[in-house]
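Data first, discussion second: the structure below is written as structure tokens.
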2 protein chains.
Amino acid sequence: MNGQFSETLKGLKLKATPKRLAILRLLSQESTYVSPEEIWQRLRGRFGAIGLPTVYRNLEELAAGGVITKVIHPNRQLYYFLCSNRHHHHHFICVACRRVEDVDVCALNDLEREVDAKIGGRVLSHIVQVNGLCRSCAVAAAGSGEKQ
Amino acid sequence: MNGQFSETLKGLKLKATPKRLAILRLLSQESTYVSPEEIWQRLRGRFGAIGLPTVYRNLEELAAGGVITKVIHPNRQLYYFLCSNRHHHHHFICVACRRVEDVDVCALNDLEREVDAKIGGRVLSHIVQVNGLCRSCAVAAAGSGEKQ
DNA sequence: TCTTAAATGAAAATCGTTTCTCTTTAGAAG
DNA sequence: CTTCTAAAGAGAAACGATTTTCATTTAAGA
Ligand SMILES: [Zn+2]
Ligand SMILES: [Zn+2]
Ligand SMILES: [Zn+2]
Ligand SMILES: [Zn+2]
């Protein structure tokens with residue numbers, strides 16, 4: 001389990017430090033997207049301490065290495081999510097409870113090709129994300145009275 | 001021309017103030033995405049003055065009203081773009097020169113339907129954006145020596 | 001005009017994120 | 001098991017884009 005993560009880190013040429021392993025372990029157990037601050041709060045007790053900059057740095061490195069994913073949030077803050085789905089896909093995120101669901105959109109390679117053909121140049125990255133309320137949050141919202 | 005914008009603002013129940021009209025005019029003449037700060041800089045001379053918060057507020061209102069579009073930028077700062085294409089579509093953005101090109105992806109309604117069916121709940125918004133280098137910027141980058 | 005809610009500017013606050021600098025440590029080499 | 005060094009981390013401070021506050025001005029309908 002930890003060996004798994006150590007391998008992952010070795011693959012990225014990152015040292016398998018306790019902090020990194022803890023961050024990975026936490027993310028892997030979490031089914032929602034999480035902010036650096038939250039990760040920091042949850043990790044503070046264990047270890048003597050962990051610095052917030054360390055959390056930010058590691059999350060950034062892991063995201064750059066493709067191990068975790070950044071969430072594009074309407075509030076423009078940073079959130080990360082570890083998804084074990086190894087195929088190219090994208091996400092539905094619940095803005096209320098922060099759950100994440102995989103979305104397999106078939107047209108993505110087509111998309112990149114279309115852009116490539118029409119615009120030329122180089123595609124560096126693409127974002128596809130659906131924001132909303134998951135079923136339970138939508139039901140809850142409907143239960144109390146809100147718009148419509 | 002200004003009447004056009006006044007109508008737009010009236011439609012959003014926003015007063016047609018000189019500042020708003022100027023922001024709209026500026027955006028409509030611009031073929032790239034622009035930051036609030038840049039808009040502010042360019043508008044300072046005309047009028048006695050315009051406040052940066054005013055720029056931020058108005059851009060946000062216009063975006064909320066669907067008149068302009070937010071760009072999701074890798075550097076996580078705010079950028080806006082006024083696109084006259086009235087159909088549902090998304091964008092290719094050049095991270096170098098900030099040009100914006102329309103991308104018509106056919107699968108979008110399908111996407112929302114798929115999410116709706118698979119996940120349930122309520123879809124509030126979706127993001128589709130392709131980031132890269134436009135043709136000329138890619139050529140320029142290739143011209144000088146960079147990675148690969 | 002007159003009236004009023006909306007809009008604005010200037011200054012200050014906010015706060016998520018990053019930088020700095022010194023100390024510690026993982027991991028490879030011997 | 002030591003030694004060595006580049007990488008990693010802690011804590012504090014800085015940063016800076018964005019937002020808030022609040023007193024003043026203004027668009028627009030009556
Ligand atoms: Zn996933
Ligand atoms: Zn939810
Ligand atoms: Zn370009
Ligand atoms: Zn467009």
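In what follows, every heavy atom counts, from backbone to side chain, and hydrogens, waters and symmetry copies are set aside. Here is the naming used below: chain letters follow the sequence lines, and residue numbers restart at 1 for every chain.
The aromatic rings of His88(A) and His126(A) are tilted relative to each other, their planes meeting at an angle between 30° and 60°.
Between the C1' atom of dG29(D) and the NZ atom of Lys10(B) lies a distance of 11 Å, rounded to the nearest Å. In this structure, CZ of Arg44(A) is placed 11 Å from C1' of dG11(D), rounded to the nearest angstrom. Rounded to a whole Å, the NE2 atom of His73(A) is 17 Å from the C1' atom of dC15(C). Look at CD1 on Ile39(A): it is 16 Å from C1' on dG9(D), rounded to the nearest Å. Distance, Ile23(B) CD1 to dG9(C) C1': 13 Å, rounded to whole Å. Per the geometry, CH2 belonging to Trp40(B) stands 14 Å off C1' belonging to dT8(C), to the nearest Å.
Exactly one of Asn58(B), Leu9(B), Val67(B) qualifies for a side chain to side chain contact (heavy atoms under 4.5 Å, CB included) with Leu14(B). That residue is Leu9(B).
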Which atom pairs link the protein and nucleotides 4-8 of chain D when you take only N or O atoms and keep those under 3.5 Å?
| residue | atom | partner | partner atom | Å |
| --- | --- | --- | --- | --- |
| dA7(D) | O4' | Lys15(A) | NZ | 3.4 |
| dA8(D) | OP1 | Lys15(A) | N | 3.4 |
| dA8(D) | OP1 | Arg20(A) | NH1 | 2.9 |
| dA8(D) | OP1 | Arg20(A) | NH2 | 3.0 |
| dA8(D) | O5' | Arg20(A) | NH2 | 3.4 |

What protein N or O atoms touch nucleotides 16-19 of chain D N or O atoms at under 3.5 angstrom, if any, and at what distances?
| residue | atom | partner | partner atom | Å |
| --- | --- | --- | --- | --- |
| dT18(D) | OP1 | Arg76(A) | NH2 | 3.2 |
| dT18(D) | OP1 | Leu78(B) | N | 2.9 |
| dT18(D) | OP2 | Tyr56(B) | OH | 2.4 |
| dT18(D) | O5' | Tyr56(B) | OH | 3.3 |

Open item on the list: Run the salt bridge (Lys or Arg N to Asp or Glu O under 4.0 Å) test on Arg98(A) and Glu38(A) for me, step by step, so that the C-alpha distance in whole Å, both residues' side-chain angles and the decisive distance to 0.1 Å come before the verdict.
Closed with: CA-CA 13 Å; Arg98(A) 301 189 175 184; Glu38(A) 288 159 352; 2.5 Å; yes

Open item on the list: Does Arg25(A) form a side-chain hydrogen bond (donor to acceptor under 3.5 Å, both in side chains) with Ser28(A)? I'd like the steps, not just the answer.
Closed with: CA-CA 5 Å; Arg25(A) 206 177 318 123; Ser28(A) 74; over 6 Å; no

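Note on Val34(A): it clusters hydrophobically with Leu52(A), by side-chain heavy-atom contacts below 4.5 Å among ILVMFWY residues.
Here the two rings, on His91(B) and Tyr33(B), have centers that are 6.0 Å apart or farther.
Taking every heavy atom of both residues into account, Leu133(A) and Ala96(A) meet most closely at CD2-CB, 3.6 Å.
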Cut-off 3.5 Å, no hydrogens considered: what does the side-chain donor-acceptor table look like for residues 103-121 of chain B, sequence neighbours left out?
| residue | atom | partner | partner atom | Å |
| --- | --- | --- | --- | --- |
| Asp110(B) | OD1 | Arg113(B) | NH1 | 3.3 |
| Lys118(B) | NZ | Asp102(A) | O | 2.9 |

